[in-house]
Amino acid sequence: MIVWLNGTHGVGKTTTSVLLQRLLPKSRVLDAEKVGETLMDITPGLPEMNNFQHWPPWRPLVVETARHVLDYTGGTLVMPMTVLVEPYWREISRGLAQHDIPVRHFVLHADTETLRRRIADDMVTGPASPFRLRHLEPYAEAARTWLHNEAEVVDTTHLTPAQAAQRIADAVMDGTSTAVSDAPHRGVG
């Protein structure tokens, strides 16, 4: 199984994935960004793009990497990766489905003010990362148009990463949804 953690850059996917891995038996973290980094290391470089996800090889390589790792290790892969382009998500999820790999797709969400504060306070990537700030509107658009309908939304606005990881682990291990019926979208508050 794959537990995919989606959401905008700076919402806490990487931190949550490490904590989630500790809660799920026989799980490992596979960051699909490393597949993109491999493509970025090709010399001479691939055609110039502002995002490695736009390179057509990235998506099937993510599928094949996950498939081979699962074939080798079994268990669960926790995959923290922002995917905001709907056709890209469809390509990845179809590829995994063709290999009979079940996917639990979660979106870590926070309101814009909280996201801006987290990005400003992040000392790992540097305060107010322009890259992360540039993705706030594309995330909001994806959330409005398709993303929140395709995943279980975990509203992290008032949650610590440990609390978010626990909610996701509970949902995965119980086979239940994290959705709350009175929320304006599929999510938890």
Side-chain angles (χ1 to χ4, degrees), residues 1-35 59 62-86 88-112 114-115 118 135 139-140 142-189:
M1 161 186 270
I2 290 175
V3 177
W4 194 289
L5 301 184
N6 206 338
T8 194
H9 303 278
V11 74
K13 294 179 306 298
T14 300
T15 302
T16 302
S17 69
V18 170
L19 298 168
L20 179 59
Q21 183 275 322
R22 295 176 189 159
L23 298 171
L24 295 176
K26 298 182 182 178
S27 66
R28 290 174 168 74
V29 175
L30 171 61
D31 188 341
E33 187 167 331
K34 301 301 181 189
V35 175
R59 298 171 302 278
V62 167
V63 170
E64 288 303 309
T65 302
R67 178 177 72 90
H68 285 287
V69 170
L70 283 172
D71 284 349
Y72 182 63
T73 64
T76 299
L77 287 181
V78 177
M79 296 184 66
M81 186 72 220
T82 299
V83 179
L84 301 180
V85 178
E86 184 177 9
Y88 296 176
W89 175 252
R90 299 254 180 256
E91 184 177 345
I92 291 167
S93 58
R94 268 194 316 270
L96 294 168
Q98 288 173 346
H99 296 292
D100 296 320
I101 301 169
V103 177
R104 288 291 297 267
H105 184 198
F106 293 89
V107 171
L108 301 185
H109 174 79
D111 63 53
T112 303
T114 300
L115 287 168
R118 287 178 186 170
H135 284 85
Y139 166 73
R144 278 190 300 273
T145 58
W146 70 274
L147 184 59
H148 282 195
N149 294 325
E150 294 292 322
E152 298 173 67
V153 179
V154 179
D155 189 332
T156 66
T157 302
H158 302 291
L159 297 178
T160 65
Q163 290 169 323
Q166 188 64 59
R167 288 195 186 188
I168 294 166
D170 290 346
V172 168
M173 297 198 326
D174 295 343
T176 60
S177 172
T178 59
V180 174
S181 61
D182 62 344
H185 57 3
R186 293 177 56 193
V188 294

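Below, each value reflects all heavy atoms present in this structure, side chains not excepted, and no hydrogens, waters or symmetry copies.
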Heavy-atom closest pair, residues A66 and L96: CB-CD2, 4.3 Å

Between R59 and I92, is there a donor-acceptor pair closer than 3.5 Å when you use the side chain of the first and the backbone of the second? no

About how many Å separate OG1 of T73 and NE2 of H68, when rounded to the nearest 0.5 Å? 12.5 Å

In this structure, OG of S93 is separated from CD of Q98 (nearest 0.5 Å) by 10.0 Å

Rounded to the nearest 0.5 angstrom, the CE-CG distance for M81 and L5 is 12.0 Å

Using only atom types and a distance under 3.5 Å, with no angle test, would you say the side chain of T82 pairs donor to acceptor with the backbone of N6? no

Is the shortest side-chain heavy-atom distance between Q163 and H158 below 4.5 Å? no

Is the shortest side-chain heavy-atom distance between Y139 and L147 below 4.5 Å? yes

Between H135 and H9, what is the ring plane arrangement, given parallel below 30°, perpendicular above 60°, and tilted in between? perpendicular

Any side-chain heavy atom of P80 within less than 4.5 Å of one from V29? yes

Indicate the atoms forming the closest heavy-atom contact of A142 with L84, along with that distance. CB-O, 3.6 Å

With a 4.5 Å heavy-atom cut-off, do H105 and V107 have their side chains touching? yes

Go through W4 and V83 one step at a time and tell me if the side-chain contact (heavy atoms from CB on, under 4.5 Å) criterion holds. CA-CA 10 Å; W4 194 289; V83 179; 3.8 Å; yes

Might you point out which heavy atoms bring V154 and A164 nearest each other, and give the distance in Å? CG1-CB, 4.4 Å

Of all heavy-atom pairs linking S17 and V78, the shortest is CB-CG1, 3.6 Å

T8 backbone acceptor or donor facing K13 side chain under 3.5 Å: yes

Spacing of OG1 belonging to T156 relative to NE2 belonging to H109, to within rounding of 0.5 Å: 8.0 Å

Between CG of L30 and CD1 of I2, what distance do you get to the nearest 0.5 Å? 7.5 Å

Distance (rounded to the nearest 0.5 Å) between E150 CD and T145 OG1: 10.0 Å

Could you check whether any side-chain heavy atom of V63 comes within less than 4.5 Å of a side-chain heavy atom of I101, counting everything from C-beta outward? no

L77 and its side chain to side chain contact (heavy atoms under 4.5 Å, CB included) partner, picked from T65, L24, L70: L70

T157 side chain to D111 backbone, donor-acceptor under 3.5 Å: yes

Would you please test T76 and R104 for side-chain hydrogen bond (donor to acceptor under 3.5 Å, both in side chains) and show each step? CA-CA 10 Å; T76 299; R104 288 291 297 267; over 6 Å; no

